[in-house]
Amino acid sequence: MDWGVELWDQFESVDKHLHHGIEHTEKYMKFVQERSAIEQEYAKKLRRLVKNYMPKKKDDDSSIFSTHKAFHSQLSELNDIAGQHELVAENFLKNIARTLQTFIQELRTEKKKAYQEGKHLQSVLDSQERVLEQTKKRFEKEWKESERAHAFYVKLDTDPNVTKAEVDKARQADVAKKDHVESCKGDYASALTKFNTDQESHYQTTMPKVFENYRVMDERRIKKTSEVMVEFSNIDSNVKPIVNKCLEGMKQAAVAVDSNLDAKLVVEKFKSGFYPPKDKEFEDYTSPQYNQSAGDDHANSPRNSMNVGKAANKKGLSWLFGGKKVVESADYSHLPPEQRKKKLQKHIDELRQSLAKETDGRNGILKMRDVYAKNPSLGDASTLDAQIKQVDTAIAKIEADLHQYETWYADASGGAPPKGTNNSAPRPASVAASPSKAQYSQPLKTEETQAKREDFKQQESFADEFDDEVVGTCVAVFDFAADSEGAMSMKEGDHFSVIEADKGDGWTRVVKGDMDGYVPTSYLEVTFY
């Protein structure tokens, strides 16, 4: 359909149609903006909900149970779903609302220009028509005056009482008027021809171009509206697989709840390590052999070895039955044996992490000092000595505390060392085992000490060759970039051999070719032999 032909006399209507179309597109843009705000608000409320129900630090002891882990997993997945809704809100604004805003502004500008052009052409044609009408009226006026002059001449010419001079004058006036009428007639004919030519050009050439611009703008508007409507659906559908994956993760976490495992964990968590009390012996007060020592034997019975009910020591079973709170001692000796070992082990792990962190910082300072020493223009190496001394002091304190807690642990476990003390491989900074004092002490100046240190490292490396036994295989399911000593980077799809399984710290030691290191267990699919 050619708008310029079919709608030649509907310019104002066509302009209003495009105006209403632009308003409709703008209305859709506002709808998308409101939908984006709803998605953003929903995501915000989801994140607040997750934050409110995330386990607090005081609940760490309960996080070992499968129900707690499942709930924590669902909260994490819900947090990811909130992120997807934020992404939807952002894409609604970026891909639709802002795009439409720019498009509408451009379309309004083009429409205004087309309207002005159409009105100008219409104004020019109207002006030409007014000129034609003026020429026509002048011709009509002169013709009427010529008719009157001719009638006057005829009248005088037939009147015998009129002089010849008067008749000649009337005849000359009649001839002059007729000549003027012919001139006006020619002007009118010329103006009419020009107007008809311009009018044909107006309705057949110039205005159809304006109408064509309107049609093109309207089609662009319709196509753009269609495109953003499709994009609106795509933005929603693109996050559905991820949301469904999160929901599947929630389901898997729920299915993984294991009542038998939780029952075992209850035993593991609250087991005291004490033996049940033996049968009480009959105490015959009438027997001559009865003396005070019988009471002492009773005091040393297995039950009273927990000091239950003794006024001198009120620890007893208050840890189990919620009695009066006992003041904790540094070595946790107020706790039952098993609980004491767990507390000591936890403290030892924290000290090892702190030691690894301080050591990484010290190594970084030493490297910087070496760089300054080789290139003094970058800085003064001596300015770092104070920092090195400060770090060494902190390391020495941590090592002393670690030694003390390891001693307490050995005492609580009958001489068994705490977990993670093997030297089979250096751990990443976040889970590093306790390094030797020789490794972190202030660098000595003598070559002999340095040689001893190198010999120690060689012996440790030699021991590693015999300790690294492959216990399984694994595949990386996510990329991981190592940022600490002992860790190893990997790409999704990489295959490794497992030489040390996860010991509860979240890390697995793997080997590939001549490289080995620690990677996050949660980033792997592990198969043990």
If you measure from NE2 on His19 to CG on Leu107, what distance do you get to the nearest 0.5 Å?
12.0 Å
Qualifying residues under side chain to side chain donor-acceptor pair (under 3.5 Å), relative to His120, sequence neighbours excluded
none
Using the test side chain to side chain donor-acceptor pair (under 3.5 Å), find all partners of Glu248 that sit at least two apart in sequence or belong to another chain.
none
Taking all heavy atoms of Met207 and all of Phe11, pick out the closest pair and write down the distance.
CE-CD1, 3.7 Å
Please collect all ring-ring contact (aromatic ring centres under 6.0 Å, His included) contacts where either partner lies in residues 83-111, sequence neighbours excluded, each pair once.
Tyr42-His85, Phe92-Phe232
Please list every donor-acceptor pair under 3.5 Å in which a side-chain atom of residues 43-55 meets a protein atom from a residue at least two apart or in another chain.
unit_1, atom_1, unit_2, atom_2, d
Arg47, NE, Glu86, OE1, 3.4
Arg47, NE, Glu86, OE2, 2.9
Arg47, NH1, Asn79, OD1, 2.8
Arg47, NH2, Glu86, OE1, 2.9
Asn52, ND2, Arg48, O, 3.2

Asp157 vs Arg171, test: salt bridge (charged side-chain N to carboxylate O under 4.0 Å, His left out). Steps then yes/no.
CA-CA 9 Å; Asp157 188 43; Arg171 181 177 59 79; over 6 Å; no
Does any N or O in the side chain of Ser201 come within less than 3.5 Å of the main-chain N or O of Thr197, such that one atom is a donor and the other an acceptor?
no
In terms of side-chain heavy atoms, does Gln345 have a donor or acceptor partner in Asp349 at a distance below 3.5 Å?
yes
Sorted by chain and number, sequence neighbours left out, salt bridge (charged side-chain N to carboxylate O under 4.0 Å, His left out) with Asp236 holds for Arg35
Pair listing, ring-ring contact (aromatic ring centres under 6.0 Å, His included) test, anchored in residues 241-262, at least two apart
none
Would a distance-only check, ignoring hydrogens and angles, find a side-chain to backbone donor-acceptor pair under 3.5 Å from Asp494 to Lys491?
yes
What one should report as the nearest heavy-atom pair of Ile398 and Leu355 is CG2-CB, 3.8 Å
Please test Asp385 against Arg369 for salt bridge (charged side-chain N to carboxylate O under 4.0 Å, His left out), starting from the C-alpha separation and ending with a verdict.
CA-CA 9 Å; Asp385 290 341; Arg369 188 178 68 173; 3.4 Å; yes
Look at the side chain of Thr193 and the backbone N and O of Ala189, then say whether any donor-acceptor pair between them is shorter than 3.5 Å.
yes
Please determine whether salt bridge (charged side-chain N to carboxylate O under 4.0 Å, His left out) holds for the pair Lys155 and Asp159, giving the CA-CA distance in whole Å, both sets of side-chain angles, and the decisive distance to 0.1 Å.
CA-CA 6 Å; Lys155 179 181 178 183; Asp159 188 353; over 6 Å; no
Spell out, as yes or no, whether a donor-acceptor pair under 3.5 Å connects the side chain of Thr383 to the backbone of Asp380.
yes
By the side-chain hydrogen bond (donor to acceptor under 3.5 Å, both in side chains) test, which pairs, at least two apart or in different chains, include something from residues 216-225?
His17-Asp218, Thr25-Thr225, Glu110-Arg220, Arg215-Glu219, Asp218-Arg221
Going by ring-ring contact (aromatic ring centres under 6.0 Å, His included), name the pairs with one or both residues in residues 355-382, residues two or more places apart or in two chains.
none
Please check: side-chain N/O of Ser73 versus main-chain N/O of Lys69, any donor-acceptor pairing under 3.5 Å?
no
Who pairs with Lys144 by salt bridge (charged side-chain N to carboxylate O under 4.0 Å, His left out), at least two apart in sequence or on another chain?
Glu140
Can a cation-pi geometry be assigned to Lys136 and Tyr188, taking NZ or CZ under 6.0 Å from the six-membered ring centre and within 45° of the ring axis?
no
State, to 0.1 Å, how close Asp174 and Ser146 come at their nearest heavy-atom pair, and which atoms those are.
OD1-O, 3.9 Å
Around atom CZ of Phe478, are there more than 12 heavy atoms of other residues, nucleotides or ligands at under 6.0 Å?
no
Has Tyr28 got more than 12 heavy atoms of other residues, nucleotides or ligands less than 6.0 Å from its OH?
yes
In short, side-chain hydrogen bond (donor to acceptor under 3.5 Å, both in side chains) pairs touching residues 91-104 with sequence neighbours left out are Asn95-Glu231
Can a donor-acceptor pair be found, under 3.5 Å and without considering hydrogens, that links the side chain of Ser36 to the backbone of Val32?
no
Using a 6.0 Å cut-off, check whether atom CD of Gln390 has over 12 heavy atoms from anything other than its own residue.
no
Provide the closest heavy-atom pair for Leu156 versus Val167 in the form atom of the first, atom of the second, distance.
O-CG2, 3.5 Å
Would you say the side chain of Val14 lies within less than 4.5 Å of the side chain of Phe211, judging by non-hydrogen atoms?
yes
With the side chain counted from C-beta on, respond yes when Gln252 and Val255 share a heavy-atom pair under 4.5 Å apart, and no when they do not.
no
Worked check of side chain to side chain donor-acceptor pair (under 3.5 Å) between Thr508 and Thr521:
CA-CA 5 Å; Thr508 298; Thr521 305; 2.8 Å; yes
Closest heavy-atom pair and its distance - Glu142, His180
OE1-CD2, 2.7 Å
Residues passing the side chain to side chain donor-acceptor pair (under 3.5 Å) test with Ser66, sequence neighbours excluded, are Asp262
Which atom of Phe480 lies closest to which atom of Ala487, heavy atoms considered:
CE2-CB, 4.3 Å
Note: Asp370-Lys374 ion pair, threshold 4.0 Å (strictly below)
no
Hey, would you say the Phe71 and His68 ring centroids sit under 6.0 Å apart?
no
Output all residues satisfying side chain to side chain donor-acceptor pair (under 3.5 Å) with Asn375, sequence neighbours left out; order by chain, then residue number.
Ser377
